[in-house]
K.L.:
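Once you've had a glance at the structure underneath, I'll fire off some questions.
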Amino acid sequence: MEKPPAAGVTVEYSDPWGIYHSVAHELHERLPLKGLHWNNPSGFIRSIDNLYIELVPDDRSNPTPESTSFDDSSSAQDSGHVVKIEASKKERRHQFPGLRRTPYLKIYLLICSDVDTYRASSRQSVREWVKGHTPSVQSSSKLSKQENHDAFEWLIVHVLPTSADGFRPSSSAKPDSNVEKRPTSSRWPSRSSSSVIEKIRSDFNGASKNAVDRVAQIHLAERPAEDSVQIKRRSQDGQNGWDDLMTKLKALILTSFGLRVSQYEEDIKEKEMQRSLPGWNFNTFFVLKEGLAMGFENIGLLEDALTVYRELAVGLKAVIDEQDGGGDASEQTTRFSLYTDELKEAFERAINLSRRNDPGLNASPSTAPHKANEHTQVLDLGSSILDTDRKPFRNLILESNISVFDFQCYVYARQMTLLLRLANVLVQKSALIKDTASNGSAETHTTKSHLPSPSSDNSINLPILAESIELSTEFIASTTQIVREDIRNAVKRSEMSQYTNPEILDTIHDDLTDSWTFSASQCILEMTSSSSLSKQLDPLLRQLKPNNVPSNENNGGQATDLVHRHDLPNRTSSLPLNAAKPKPLSQEILPSVTSLDAVRLLPPGTTHPGASELAAQRGDLLYLARRVLSSIGFRHGGWRGNLADVASTTEAQDDEMQDIDLEDELKPAKGAAENSIIASSALITAGISDKNLLSALESSKSFYTAYEDLTALTLACYVVGDRRKAAEAMTADLAYIRFQLKDYSMAASYFRQLAPFYAKDGWSNLETVMLDMYTQCLKYLGRIEDYVHVALRTLAKAVRSTSRAMTESRIGSFEQPRTWHTLSSTSVCLKDIIAASVSLDQPVSVPMDKYFDNIRLDTHILHSPDHDGFTLNLQLRNLIPEDMEAVTVRARLISVGEEQRSELWLTTEGVRVVKPGMARITLRSNIMLPGWYVLGNLSIQSSNIIFVNDSSPTSNGPLLARSRDSASSNLLHHQDLDGQQRLLIWAGARSLEGRVVHCEETSLDQPRLIKLEIVNGKEQVTKGKLLLRAASAGLRLHTAEAVVLDSDFEITDKTQPGSISFGGLPADTTASIRIPYGLESDLRDIVVRMEVMYTTSEGDFAYACNSKIPIFLPLAINVQDVFKQNMLFSRFTIGTATSVPLRIFKCSLEGNSDFRADAPSFTSTELDVFDLQPLSFISRIRHRSGSTTKISLQRKMYLHIDFRCLDEEICAVAERLFHAALVNTPFLEFSRILEPTLSSALRRTFSAQNVEASVLHRRVHLGSFAEIGWEIPLAGLHTDKGNKLREWLRNWHENHQTFSLEGTASSSPMQHLIVPVDVPQVQVLLTVRLKHMSNLASPEFERDCCPIGQGLPTELTIHHTQYWDGSRKHNSEEPAFEFCYEVHTNTDWLIGGQRKGHYIASEGDDVSFSLLLWPQRIGRLLLPPIDIRPSNDGAGEQECPVVSCEMDYRDQSRTILVASDLSRTTVNLDPSGGGGGWLMESQSRKS
Amino acid sequence: MVHPSIACIGIIGKHDNPLHIALFPPYTTNPSAYLEFSFLLNASLDIFDARSRDRNRVDQDLGMLQAVDERLSIWGWETGTGTRFAIVIDAWGKTGEGGSQSPVSGGGSRKAVGDGDVKGAFKALQTAYIRLLQNPFYTPDEHTPTAVTAGKGKGGEIRSRGFIREVKRIGDVWKPGASV
């Protein structure tokens, strides 16, 4: 059987025959009434599923209390209540109709077996009863309104006993009816009874047709305990009777209810209309309206009741506001008392308690237990918040004597009761009430022991439960304020404030308020706990509370969910901490997970609808309680559990924590300070009335335990309630508590997860706090590596927010002084990080721009006046708000515009302190590597932390390639190459400089040479070293064969390949070294990188340069040899190789010991050679006398050419001019950049044509300022100096548009080329003659004349000599060679004789052949060509030696005059003119 | 007589990112207040989510989101574009006198904040925000977490001076029920 709820409909029964007990059982079985439908006046049909009925005996008929009844004690209690009120009914009827619980229905139980009995006695008594109880209810409609509030119906129930055995009248029943009934009922019970019932009906039901049937008949069943089978066999009539009774009960109750409601509504409407009238009293209105609400509640229409109460709550609020707001309270008739007695009493108690525990009188800790006992006496109002019976609220309301607090509480408690009923939470209200009744009102706190048993079934309506909690949260939050004022008003009126320290007074005031809030919320939480929710919460809680912290037993009532947890095993295996620990943190400092472990552990599928809302609402309420606990904790112990407080506490906590060991924490006394806190808190806790709060305040440990429990529970609720962000905030607090408890590893694992969560949505300040806390945890944990990483990150965050704040304050100064500074003042301090990083194995590098900004290198370098080094200023803004010791600052410069990428490091010397704000660091380099540079990266190292700013281009190759192109094409493009700032590094005018040039002297048969020049400046070099590196493929530098060209200079060591050490070099001297090199392949130019490392008194310096040296020869030489018997003519042709004009100063072939060379002498000393105008000369070479007999001849001779390329000369002249102009200006220091710029610019403009023209004109056009491209080097100079220099250069250009080449011959070094020339050798020289005998044949002809048609006898003579054969062995036998000659024919000659022939000849032989030549035409005819070659016809091919031979055909170009052989001729011409003539005669010459 | 006052105004973007958080007396001097309110606002976003999921909602006014404690309560408003305004009301007023006052000296009674009381402030905020959006120099897309991490824009927060000034004005002059 279900327990009936507190409220129900009262039905009064009149039982003159004492048969109620017989009926009661069966009646109760059919209760509550089911399926009622009430048609309310506004037209809606309301269904009432269950209507509980309280059966109350008539006060006249049976006043004896029923101890054995099925009814529970509540009805008895209620009946007593009703009776009490009934007694005073007459007086108060008009005043508060709603307070009574008058019956809706009155029943008369009649037992009467036959008509006779009825007529005789029963009718009379029934009639009397009807008359007495229902005066004019039906008959008259003129009821007074007050009566209608208590409207009721009546019903006569005729009870028929079914069997004699079953009918056992109770001791109280009247015996007379007993005897008569037995025989009748055994015989025809229905028949006789039906007649009785008809009688009754006709007597009492009224006459009209539509009169209500107010008579019902039931059969009495057997006792159910005896035989259940018999019950089933109950007759159909009996069943029908009961059904009929029930239907009538329902109908009649509803009728009276309808009457009452309409009456109430009418009254309320009337009252409401009077609201504006003076004298209107809210309290009476309230009681009236509440009557309606209670009516609804009784009948089971809880929603309607709730609506009424809500309207009342709103009305109450308005009235209270009015009372507060309206200045003239006299107008208001509704007055509430300003304070509540209970609260005042509690306050007074607390004051007394605190006085008793005054530390001045008794400060020993032994008073603690005593104190605890005292506290239990304190009234705890908060926990009895739902108890509407702790005070006679309604009376107080009617007496206008209720306080605002009580009134609000009452309205709230009524709403909550209804909501809880709606939510199907069964509250053992009766238990509460009984308790209160027995123990008296002062002991209400003990009701805590009677926990409502949370309904374990699923019938609980969770959404409504959630709604009730929401209502509670709102109520508690707003009512706390009322409590506060209530107490304040109470204090104001009492004198106790005069005795007590106002500080203590304040504390007690706050404590009382807070403890009310706390216990009220705890109370609500207990009332609304749902087992379905705790099923979800438990695993989460287990997860959140991993370590076995024994929960304080006193905290058992903290929350029901905590109780569940005690016997569960604690999990340690899958903690987030353990999961996180093995992870290599250096790789991933912070996880990327965005949801908490707890959130991920959420069991899937929350089956109960509304469970998450409920959990969320519970979370909110818990949050409220948590805040109270937190504020109390701070007030009394200085304990903080709120992460948000961290900003204000960090420093203080920091110091404290470092000193305290973990072991010490449990000891009660931490030190003097701690003691005093405890003492003072003991003094004041008097105001705290909540047991849990008190126990939490016993020590910091208990506080944090309690606070953590509460936080964990809140977190769990939020997780289940799908309030992710709130859950995160709770996790943060949980972590902070762990932190306070020095469980750093746990805290660290929490914070580690939290930071990315807040970072995700851009809550950077929260993220910073998380990171900061994480850092601190790591610090305490001693995980140095992680600490350094995270701390740097935290620092970066803090720095960023600071810098943003700075910019913001600059933008908008109107902004209120925001608390940015507190945000940025994280506990992380760079000094600590740096100190910690010392123990790291390897340095940690972090991006510099997170900690510094405005990083800027100067655009120009500064040369030191004392030495050869240079400095460069670095500017940056230190955003870290503390000094930083920079051990090394390094800047890496990367060269651009060169094929070889060079790097240059600039560093600082010594430790520098970088102060917050703008800082300037001077970087220095002793290495000079001239060129354009961009900043590669910048690093500031401090201990093991390196701040790196890497601005180097991501891919070097393309950029450099592009910059190389742009260097030649676009002049000004240099400056903003990819936005990179470019820096020009150049050597000062008087610093040491190294140059690599090609050696002026080139000998083609020697290894070629390069010349190194070291131009020393102002410093005496004590020692030095040259490092040479070939930067071209296939280039070999033979440094071991270096030769010093100056005597002053001494090479000390050249054994190491590529390096040459040298001794001292005085200031302002130049040393030259010649180094041969070899090449594997043909190259037009070679690149050599030279570094000069040298030591002066100022330190070590270095100069480096990359030199590109053209090595191709600008001239081309051709030789043509012509052999004669005793001499050789060589024809040399010297032309240009590159179409650049050359000037040749000397050109001679040098003879040697065996040969003599004769060269023609030139008329002019300088000969210009152009592309189309080569120089050509012939040299005669002869054996020196006697040399032919030598075994081996020195055949090699040398051709010496002194020449100069004219483009070089033009450049040299220009440079000389420029330098001369520069010498007298202050710009001399820039000569090292300006002069190369000029010459290279000139060289760029050269083309074959304009150089030729310049040379021919002897004047050169110098380009304009822009054409030279001065802007490029100027950009690398200091702005002021650059501007002046620009001005000067412009002027210079205007004055020097052209310059003359005249008179500048000796300006540049001449190049001297030595070309080895071998005297060619040939084995056999054939001297061929073709001697004709024309004078023999016809002597009349001249020597070279010959008549046509006559053969010319000739003799071919071939002379053999091996004069030019260098390999000839004079002692050995002369070899004989076989030759073949051939006389070629052509159209000029017919050849007679042996035209072709073989012969064998040896040294010195003359061979002759006779030939007859027939000229074929007249004229000068060349003698036929002759070809002689070594013959290989006769000999076998394999043994034929190749014989080189040259032929000197002496008669090669000789001509023979061929004439016709006529001395006279006669021609006859026909005189007649007939055409034609005749040769008459002719005469030959010979004849 | 102490009026409840605005303790904090938070403008929160639709990606749950804070756009602007303004504190008001007496919290401006409290070092931990900014953090505390950040936590509160962040946690209140859940309730925003829950309320905006409610299909029956017609108004942009989401009413009271959470009663934090006896002093503070959070009220919410969501614009059509998903930007959220959260106002934290302090029942103890600008001077904080409502609660901390000694019971000896006594304090005035306070007025409770009702449902429609905050609406005026919200409407003023919305007007200010619309004006901000009309500003051609304000690009809302630059104020999203993704844009911030990508390095676009100048950080997530609103920097318009006019807007900040207007928010400050609203927080300063608001009284329960008054239009701002």
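None of these values were measured; they are calculated from a predicted model. Just so it is clear, the values below take in all heavy atoms, side chains as well, and ignore hydrogens, waters and symmetry mates. Chain A is the first sequence line, chain B the second, and so forth, proteins listed ahead of strands; every chain is numbered from 1.
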K.L.:
Set out, in order, the CA-CA distance, both residues' side-chain angles and the distance that settles side-chain contact (heavy atoms from CB on, under 4.5 Å) for A:K725 and B:F48, then state yes or no.
P.N.:
CA-CA 11 Å; A:K725 295 198 168 60; B:F48 267 110; over 6 Å; no
K.L.:
Would a distance-only check, ignoring hydrogens and angles, find a side-chain to backbone donor-acceptor pair under 3.5 Å from B:D46 to A:A726?
P.N.:
yes
K.L.:
Return the option, out of B:E70, B:M64, B:Q66, with the maximum number of heavy-atom pairs under 4.5 Å with chain A.
P.N.:
B:E70
K.L.:
Identify which part of B:I47 has an atom lying under 4.5 Å from any heavy atom of chain A, answering side chain, backbone, both or neither.
P.N.:
both
K.L.:
Measure across B:S38 and A:W763 and return the closest heavy-atom pair with its distance rounded to 0.1 Å.
P.N.:
O-CZ3, 3.6 Å
K.L.:
Is the closest basic N to carboxylate O distance between A:R724 and B:D49 below 4.0 Å?
P.N.:
no
K.L.:
Please classify the contact between A:R723 and chain B as side chain, backbone, both or neither, with a heavy-atom cut-off of under 4.5 Å.
P.N.:
both
K.L.:
Could you look at B:L40 and say if it's the side chain, the backbone, both or neither that has a heavy atom under 4.5 Å from chain A?
P.N.:
side chain
K.L.:
Taking every heavy-atom pair that is under 4.5 Å apart, which of A:L766, A:L624, A:T480, A:T473 has the most such pairs with chain B?
P.N.:
A:L766
K.L.:
Measure A:E613 against the heavy atoms of chain B and call it side chain, backbone, both or neither at under 4.5 Å.
P.N.:
neither
K.L.:
B:D69, B:N42, B:D16, B:N17: which one forms the most heavy-atom pairs within less than 4.5 Å of chain A?
P.N.:
B:N42
